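Since this is a predicted model, take the numbers as computed values, not measurements. Both backbone and side-chain heavy atoms feed into the values below; hydrogens, waters and symmetry mates do not.
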Amino acid sequence: MENPLFLFPHLNISSLKEKTHCKVMKSTNKEETNKEIKTRSKEKRNRLSLLLQKAEFHENVNLEKFENLTKASSVTPEEAVRWGESFNKLLSQKAGLDAFTRFLKTEFSEENIEFWTTCEDYKKNRASHQLIPKAKTIYETFIRKDAPKEVNLDFHMKEVTAQNITHPTLDSFDAAQAKIYRLMEQDSYPRFLRSDMYLDLIKGRQHSGHPALRRRSRSFTSNEFQDVQSDFTIRL
């Protein structure tokens with residue numbers, strides 16, 4: 001008996017079409033699966049990268065708070081305790097001034113202490129011809145509207161200070177400096193005394209917090225990396 005494929009050649013063509021179609025479908029499905037895996041892997045890698053950046057940022061900020069503050073030491077707990085007696089006593093000691101400055105940097109308000117210390121330096125001038133350029137620099141840096149390190153002074157105080165420096169003297173900035181001093185004493189100084197950074201100093205714990213911060217970062221990256229790595233294994 002003759003082969004039915006010879007008797008009905010259209011059956012042979014149909015069969016070939018079906019086989020070809022199946023191959024194409026399998027290939028298409030495989031390509032789609034690979035694309036999905038690649039897309040998913042790419043998304044995870046991107047997510048991992050973003051999370052790593054956030055983790056690194058927060059780790060660096062927190063570590064900087066502790067490490068920068070303790071650079072002010074060889075401070076003994078007894079010395080740190082004395083800083084809590086008065087704001088003036090804190091600023092009168094170099095280590096205390098440095099520690100408070102670093103604390104203000106963590107609060108993004110270091111312009112206040114920079115202005116205060118700049119005014120202190122300004123009052124040490126003994127050459128009258130240096131007052132005009134130095135007074136102008138202080139005004140342009142800290143006081144004028146939209147100054148790069150503008151301090152929190154009201155409009156009236158800014159006007160008074162601007163008038164004072166038209167013919168500058170050693171006390172031209174005294175009123176503005178006193179205003180910023182009171183602001184720090186009433187606002188930033190109490191927060192400094194309550195901060196973990198200061199409490200660690202008076203307890204002699206100058207490096208607390210470091211291991212936990214680093215361990216948390218490493219544990220996280222390991223888990224995320226394993227999750228991403230699994231998709232590469234499937235693809236291969």
side-chain contact (heavy atoms from CB on, under 4.5 Å) for Lys123 and Gln177? Distances and angles first, verdict last.
CA-CA 11 Å; Lys123 288 185 286 189; Gln177 184 187 18; 3.0 Å; yes
Which is it for Ile165 and Phe173 under the side-chain contact (heavy atoms from CB on, under 4.5 Å) test, yes or no, and what are the steps along the way?
CA-CA 8 Å; Ile165 66 170; Phe173 295 100; 3.6 Å; yes
With side-chain contact (heavy atoms from CB on, under 4.5 Å) as the criterion, how do Trp83 and Gln93 come out once you've worked through the C-alpha distance, each side chain's angles and the decisive distance to 0.1 Å?
CA-CA 8 Å; Trp83 298 347; Gln93 298 181 11; 2.9 Å; yes
Under the criterion side-chain contact (heavy atoms from CB on, under 4.5 Å), I'd like the reasoning laid out for Trp116 against Leu91: C-alpha separation, chi angles, the key distance, then a yes or no.
CA-CA 10 Å; Trp116 185 85; Leu91 298 189; 4.1 Å; yes
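In this structure, OG1 on Thr137 lies 9.5 Å from NZ on Lys134, to the nearest 0.5 angstrom. In this structure, the separation between OH on Tyr181 and CD on Gln186 is 10.5 Å, given to the nearest 0.5 Å. With rounding to the nearest 0.5 Å, the separation of OG in Ser109 from CG in Asp187 is 8.0 Å. Atoms CD1 and CZ, on Ile113 and Phe103 in that order, are 12.0 Å from each other to the nearest 0.5 Å. In this structure, Thr141 OG1 and Glu111 CD are separated by 12.5 Å, a value rounded to the nearest 0.5 Å. Of the inter-residue distances, the one linking Glu107 atom CD with Asn112 atom CG reads 10.5 Å to the nearest 0.5 angstrom.
Taking both residues in full, the closest heavy atoms of Ala135 and Pro168 are given as CB-CB, 3.9 Å, listed atom of the first, atom of the second, then distance. Taking each heavy atom of Gln163 and Thr166 in turn, the nearest pair found is O-OG1, 2.6 Å. Of all heavy-atom pairs spanning Ser172 and Thr161, the tightest one is O-CG2, 4.4 Å. When all heavy atoms are compared, the tightest approach of Met184 to Pro190 is O-CD, 4.3 Å. Nearest heavy atom pair, residue Gly84 against residue Leu193, reads CA-CD2, 3.8 Å. Shortest non-hydrogen contact noted between Lys89 and Arg82 is CD-O, 3.3 Å.
Hydrophobic clustering of Ile, Leu, Val, Met, Phe, Trp and Tyr side chains at less than 4.5 Å, counting indirect connections, unites Leu90 with Val81. In this structure, Leu104 is a member of the same hydrophobic cluster as Leu199, with clusters built from ILVMFWY side-chain heavy atoms closer than 4.5 Å.
Side chain of Asn125 to main chain of Tyr122: a donor-acceptor pair is present (N/O by atom type, distance under 3.5 Å, no hydrogens or angles). A donor-acceptor pair under 3.5 Å is formed between the side chain of Thr117 and the backbone N or O of Glu114.
Side-chain contact check for Lys179 versus Leu183: every heavy-atom pair is 4.5 Å or farther apart. Thr106 places none of its side-chain heavy atoms less than 4.5 Å from the side chain of Arg102.
Not counting sequence neighbours, the partners of Arg126 by the side-chain contact (heavy atoms from CB on, under 4.5 Å) test are Leu170. Scanning for ring pair (Phe, Tyr, Trp, His ring centres under 6.0 Å) contacts around Tyr189 gives Phe87, with sequence neighbours left out. Take Glu159 and apply the salt bridge (Lys or Arg N to Asp or Glu O under 4.0 Å) test, not counting sequence neighbours, and it matches no residue. With sequence neighbours excluded, the residues satisfying side-chain contact (heavy atoms from CB on, under 4.5 Å) with Ala147 are Arg144, Glu150. Scored by the salt bridge (Lys or Arg N to Asp or Glu O under 4.0 Å) test, Asp171 finds no partners at all (sequence neighbours excluded). Listed by chain and number, the residues in a side-chain contact (heavy atoms from CB on, under 4.5 Å) with His156 are Asp154, Val160 (sequence neighbours excluded).
Note: Tyr198 and Phe192 have tilted aromatic rings, judged against thresholds of 30 and 60 degrees for the angle between ring planes.
More than 12 heavy atoms of other residues, nucleotides or ligands shown are found within 6.0 angstrom of NZ on Lys158.
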